[in-house]
Every structure is written in C-alpha cells, then in structure tokens.
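Supplied in structure tokens, the structure appears directly below.
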Amino acid sequence: MYMQEPKHQSPFKVLGRRLKLIRENRRESLAEVSGAVEIDTNELERIEQGEERPSEDILMLLINHFGIQEAEAIQLWESAGYAPSGHDDRQTHFGDQTGKPTVVLLAIDARVLYTDGMTISGNQHGLVMHFSQQAGQERPLPVARVGMSFEQAEAVLGTLQQALLRHKYLPNQRLLPPGDAQ
C-alpha cells in the first residue's frame with residue numbers, strides 16, 4: 001500500500017489570497033494589474049496562489065497601485081516575511097499596545113539616480129514615468145518609476161520648464177539662498 005504524500009502548503013497563501021481579494025474587489029483583471037506594476041501575468045498569478053513571494057519592490061508597487069492604507073500594508077509586508085523597515089525581525093507588532101500614537105521615522109535616500117532614457121505610460125488615473133539607463137547595456141536598466149495624477153504631471157512640467165529656462169538664460173544665478181559666509 002502506498003502512502004500519499006502530504007499536500008504542499010504554499011508558504012505565502014495568506015498574502016496571495018489577500019492580494020487576489022483586493023484585486024477582485026477593485027474589479028481589475030490579472031492583466032491590468034500585472035501591466036500596471038510591470039510584471040508578467042503568470043508571475044502575478046503565482047503570487048496570488050501563494051506559490052511565489054513577491055520581491056520587496058513588487059510588493060511595494062502592488063500596495064501603491066491598490067492604494068492600500070498603512071495598517072493593511074504593514075500586514076501584507078509582514079505576511080510576505082519582510083520586517084518593517086528599521087525594526088527587529090523578532091518584533092511581531094508595529095507600535096505599542098497603549099493606544100498612544102506611534103512615530104515612524106523613514107530614512108530618505110538622498111542618492112541621485114541618473115538616467116538616459118524615459119518612457120511614459122498612463123491610464124485614466126494618471127501617468128507613470130519609467131526612467132532607465134542604457135549605458136552599455138543590451139536592455140535598458142530600470143532606474144526609477146514615478147507615478148502621478150495628470151494635475152501633478154502638469155505641475156512637474158511647469159517646474160521643469162522653469163528650471164530649464166533659468167539654467168539656459170541665468171546660468172550663474174543661485175537657486176538656493178546663500179549660506180553663512182565665513
């Protein structure tokens with residue numbers, strides 16, 4: 001008599017079910033969401049089935065795409081096995097249990113990312129700018145993606161035009177107030 005092997009339990013089943021429920025509640029197809037976060041539809045399906053853990057970047061893109069609030073985003077983050085930024089992996093909750101407000105400080109990455117390529121995609125909600133570097137690569141290397149509403153895009157365009165004109169016609173003008181001269 002042969003014994004059946006135990007069925008393999010997907011390690012990220014809870015995360016996958018939650019992401020699928022969010023997607024279905026928003027009435028978005030696998031293709032729409034995978035296109036929005038620029039991953040293969042099959043990869044998103046494996047994530048939703050709990051067979052594959054999304055990378056931190058992909059999970060953050062999904063959280064942003066769905067507009068998930070902070071508390072639920074933290075739960076998803078922890079379901080994926082990622083510790084909240086700046087916290088000990090052994091910590092099982094975020095904040096204290098006294099009901100007092102929790103202050104979270106996030107480090108800002110001050111590096112400048114240079115790009116030599118950009119494409120723009122959009123939908124009814126706004127635009128996403130995809131910055132990349134070709135620099136000797138066979139395929140462009142993604143540097144950053146920035147999404148914004150149409151109104152924000154118009155404001156960015158105006159600011160960019162002002163900066164270009166200022167640089168072209170007033171190249172020696174300081175844009176920041178002078179520091180303390182010593």
Side-chain angles (χ1 to χ4, degrees), residues 15-16 18-48 52-77 80 82 84-86 103-178:
L15 172 67
R18 185 68 193 129
L19 289 171
K20 183 175 183 177
L21 180 63
I22 292 167
R23 177 181 61 78
E24 289 175 343
N25 285 341
R26 290 176 51 104
R27 294 187 170 98
E28 293 186 53
S29 69
L30 278 168
E32 289 171 322
V33 175
S34 64
V37 297
E38 295 185 339
I39 62 172
D40 185 66
T41 304
N42 293 331
E43 181 180 353
L44 180 59
E45 190 170 32
R46 287 189 305 272
I47 290 169
E48 286 187 355
E52 186 174 315
R53 176 170 95 161
S55 69
E56 291 181 4
D57 291 340
I58 296 298
L59 183 55
M60 186 60 70
L61 289 170
L62 288 167
I63 287 169
N64 288 332
H65 172 75
F66 292 133
I68 297 172
Q69 299 300 313
E70 183 179 347
E72 187 175 7
I74 290 168
Q75 289 175 347
L76 289 172
W77 198 254
Y82 299 121
S85 180
V103 176
V104 178
L105 298 177
L106 300 174
I108 295 176
D109 187 352
R111 292 179 292 177
V112 175
L113 302 174
Y114 291 93
T115 179
D116 60 6
M118 181 181 76
T119 59
I120 299 175
S121 60
N123 61 22
Q124 70 271 19
H125 302 292
L127 301 174
V128 177
M129 296 184 295
H130 309 265
F131 296 96
S132 61
Q133 288 181 344
Q134 186 68 43
Q137 305 285 331
E138 187 174 313
R139 292 181 47 197
L141 180 67
V143 174
R145 293 191 310 206
V146 179
M148 62 189 70
S149 68
F150 293 113
E151 294 79 18
Q152 289 172 314
E154 288 174 355
V156 167
L157 180 60
T159 302
L160 185 58
Q161 287 173 332
Q162 289 176 357
L164 289 169
L165 289 171
R166 202 172 15 245
H167 177 73
K168 184 175 183 177
Y169 296 108
L170 303 169
N172 297 324
Q173 182 184 15
R174 296 179 118 179
L175 298 179
L176 297 175

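Computed from a predicted structure; not experimentally measured.
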Handout entry: CG on Leu59 to CG on Leu19, rounded to 0.5 Å
Key =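 So the CG of Leu19 and the CG of Leu59 are separated by 6.5 Å.
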
Practice task
Quick one: pull up OG in Ser55 and CD1 in Ile39 and give me the separation to the nearest 0.5 Å.
Solution key: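 Rounded to the nearest 0.5 Å, the OG-CD1 separation comes to 8.5 Å.
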
Problem - Donor-acceptor contact present, side-chain Arg46 to main-chain Glu52, <3.5 Å - result: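 Side chain of Arg46 to backbone of Glu52: no pair is present.
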
Fill in the blank from the handout: Closest non-hydrogen contact found for Arg53 with Ala80 is CD-O, 2.8 Å

Handout entry: Rounded distance (nearest 0.5 Å) linking atom OH of Tyr82 with atom CG of Leu15
Key =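 Answer for the OH-CG pair, Tyr82 versus Leu15, is 9.0 Å.
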
Exercise for the section: Measure the spacing between CG of Leu165 and CG of Leu160 and express it to the nearest 0.5 Å. Expected result: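 One gets 9.5 Å once the value is rounded to the nearest 0.5 Å.
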
Handout entry: Val33 backbone acceptor or donor facing Arg23 side chain under 3.5 Å
Key =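 Not at all, since once roles are kept as given, no pair shorter than 3.5 Å links the two residues.
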
Problem - Gap separating the CZ atom of Phe131 from the OG1 atom of Thr119, nearest 0.5 angstrom - result: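 Phe131 atom CZ to Thr119 atom OG1 measures 9.5 Å (nearest 0.5 Å).
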
Completion exercise
Closest non-hydrogen atoms of Glu32 and Arg27, given as atom of the first, atom of the second and distance, are OE1-O, 4.0 Å

Exercise for the section: Evaluate the side-chain contact (heavy atoms from CB on, under 4.5 Å) criterion for residues Glu70 and Ile74: first the C-alpha distance (whole Å), next the side-chain angles of each, then the deciding distance (0.1 Å), finally the verdict. Expected result: CA-CA 6 Å; Glu70 183 179 347; Ile74 290 168; 3.9 Å; yes

Problem - SB check Arg18 Glu72 (cutoff 4.0 Å) - result: yes

Exercise for the section: Any chance you could lay out the side-chain contact (heavy atoms from CB on, under 4.5 Å) test for Leu62 and Ile22, step after step, and finish with the verdict? Expected result: CA-CA 10 Å; Leu62 288 167; Ile22 292 167; over 6 Å; no

Handout entry: For Thr115 against Ser132, the heavy-atom pair lying closest together
Key = OG1-O, 2.5 Å

Exercise for the section: List the atom of His130, the atom of Glu38, and the distance in Å for their closest heavy-atom pair. Expected result: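 Heavy atoms only, the tightest pair is CE1-OE2, 2.6 Å.
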
Handout entry: Donor-acceptor contact below 3.5 Å, side chain Ser34 vs main chain Leu44
Key =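 Side chain of Ser34 to backbone of Leu44, a donor-acceptor pair under 3.5 Å: no, none is there.
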
When the side chains of residues 149-157 are checked against the rest of the protein, which donor-acceptor pairs come out under 3.5 Å, sequence neighbours left out?
residue	atom	partner	partner atom	Å
Ser149	OG	Glu151	OE1	3.4
Ser149	OG	Gln152	N	3.1
Ser149	OG	Gln152	OE1	3.4
Gln152	OE1	Ser149	N	2.8

Exercise for the section: Determine, step by step, whether Ile120 and Val128 satisfy the side-chain contact (heavy atoms from CB on, under 4.5 Å) criterion, reporting the C-alpha distance in whole Å, the side-chain angles of both residues, the deciding distance to 0.1 Å, and the verdict. Expected result: CA-CA 6 Å; Ile120 299 175; Val128 177; over 6 Å; no

Problem - Taking every non-hydrogen atom, the tightest pair across Ala31 and Thr41 - result: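 Reported closest heavy-atom pair: CA-OG1, 4.1 Å.
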
Problem - side-chain contact (heavy atoms from CB on, under 4.5 Å) between Glu48 and Leu30, worked out - result: CA-CA 10 Å; Glu48 286 187 355; Leu30 278 168; 3.5 Å; yes

